[in-house]
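Below you'll find the structure, written out as structure tokens, and then a few comments.
First the proteins, then the strands, lettered A, B, ... as listed; each starts at 1.
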There are 2 protein chains.
Amino acid sequence: MSELESVIRKLEALDHRITPSRVAVIASVLAQSGHFSVEDVLRQARAVGRATVFRTMRLLTDLDVVCRVLLDDGSLHYRVSRRGHHHHLVCVSCGNARDLDECAVGDLVRELAAATEYEIEGHWLEFYGRCAACRSPVAVAARA
Amino acid sequence: MSELESVIRKLEALDHRITPSRVAVIASVLAQSGHFSVEDVLRQARAVGRATVFRTMRLLTDLDVVCRVLLDDGSLHYRVSRRGHHHHLVCVSCGNARDLDECAVGDLVRELAAATEYEIEGHWLEFYGRCAACRSPVAVAARA
DNA sequence: CATGACAGTGATACTTGGTATCAGTGAGAC
DNA sequence: GTCTCACTGATACCAAGTATCACTGTCATG
Ligand SMILES: [Mn+2]
Ligand SMILES: [Mn+2]
Ligand SMILES: [Zn+2]
Ligand SMILES: [Zn+2]
């Protein structure tokens, strides 16, 4: 079963209709490498209306097919998610994003809940930095 | 020395000019309780131009006079900062925000840097939940 | 205190990233 | 095959900012 088919099965399982627009958006999303913006998808799925692309991205986020990546300039990107809840480390120079192995604040959430009496429902966590390639002298020289 | 004066000293120290618009924005910011949006400041400092309010907020962020708070609906708020780098726990029901005592991911940043060879420059971290008051049966009943 | 340089201002227009609306349509249950 | 209503997409709209640029007023200097 292709990845596309498997996403379609997920939609069906939750009683969402399989429409050509949705299939086009999903195909475009699955074809992206790294993180991408809604505009990237819009550009590739020209026939699909703007509102539908946004609606489908929300749907895919809810289904955990994609995860959201908050860039350091404040813009929101997406990334195909092949795992559960996790966070990202984004290179501010080349834009490359790494998925971090696990959510590192789980313990912290429990401590916080105990200390503050809040019921903690969620969190945002993103790391920004410069990857090894972008810090190498060669890369530095090439940019100069 | 009032808080307003102390912010003005900070501006002077960095060779920024003290203008009536800036003073009006700073006064409005210092008068806010909890977190607030740029629109809140605009509403209170009517005479000041929209662009200038945004410019001044950036300036105050750079000077660490305010910190940014990312709400769970994606909107960006601000909060007077009376301390260094820290994070927030925001109640998604009443909007109340708590400053967390310290940045809890400092160790994690160092581990990540070692494991990934990224030079980590920054991070976003926000927690969302429901405070004790908003979870109490009384509050629940009152809302019903 | 003049006064000039230039940092800062704000009206206006623009952009980006979305959302509300609503008549029309086609997916899929029966 | 038929009916329903989930979904679509054109359009209009909105919120959060940014670019431009002629004007203004701060403040360093003499
Ligand atoms: Mn991810
Ligand atoms: Mn704070
Ligand atoms: Zn990089
Ligand atoms: Zn609360």
Separation of [N] [atom2] from [X] [atom1] (nearest whole Å):
X	N	atom1	atom2	result
A:Leu42	C:dG18	CG	P	10 Å
A:Glu12	C:dG28	CD	P	7 Å
B:Arg46	C:dG10	CZ	P	15 Å
B:Arg55	D:dA16	CZ	C1'	15 Å
B:Phe54	C:dA11	CZ	P	15 Å
A:Arg17	C:dG26	CZ	C1'	8 Å
A:Leu14	C:dA27	CG	P	20 Å
A:Arg58	C:dG18	CZ	C1'	10 Å

Which of these nucleotides, [options], is closest to any side-chain atom of [X]?
X	options	result
A:Ala51	C:dA20, D:dG17, D:dC7	C:dA20
B:Val48	C:dG18, C:dG10, D:dT8	C:dG10
B:Arg50	D:dA16, D:dA19, C:dG8	D:dA16

Upstream residue (5' side of DNA chain D) when B:Pro20 and B:Ser37 are each assigned their closest nucleotide
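In this pair, the answer is B:Ser37.
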
Checklist entry - With nearest nucleotides of DNA chain D determined for B:Val38 and B:His16 from heavy-atom distances, which residue corresponds to the more 5′ nucleotide? => result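 Mapping each residue to its closest nucleotide by heavy atoms, the 5'-most match is B:Val38.
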
With no hydrogens and no angle check, do the side chains of B:His123 and B:His85 hold a donor and an acceptor under 3.5 Å apart?
yes

[X] near the nucleic acid: base, sugar-phosphate alone, or nothing, with a heavy-atom cut-off under 4.0 Å?
X	result
B:Ala47	sugar-phosphate
A:Thr19	sugar-phosphate
A:Ser21	sugar-phosphate

### Query
Hey, what do you get for CD (A:Glu3) to CG (A:Leu30), rounding to the nearest 0.5 Å?
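Here the interatomic distance stands at 5.0 Å.
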
- Minimum side-chain heavy-atom gap B:Arg50-B:Val53 below 4.5 Å: no

salt_bridge(A:Arg82, A:Asp99) N-O dist < 4.0 Å =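 Salt bridge absent between A:Arg82 and A:Asp99.
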
Above 12 or not: heavy atoms from other molecules or residues under 6.0 Å from CD of B:Glu121? yes

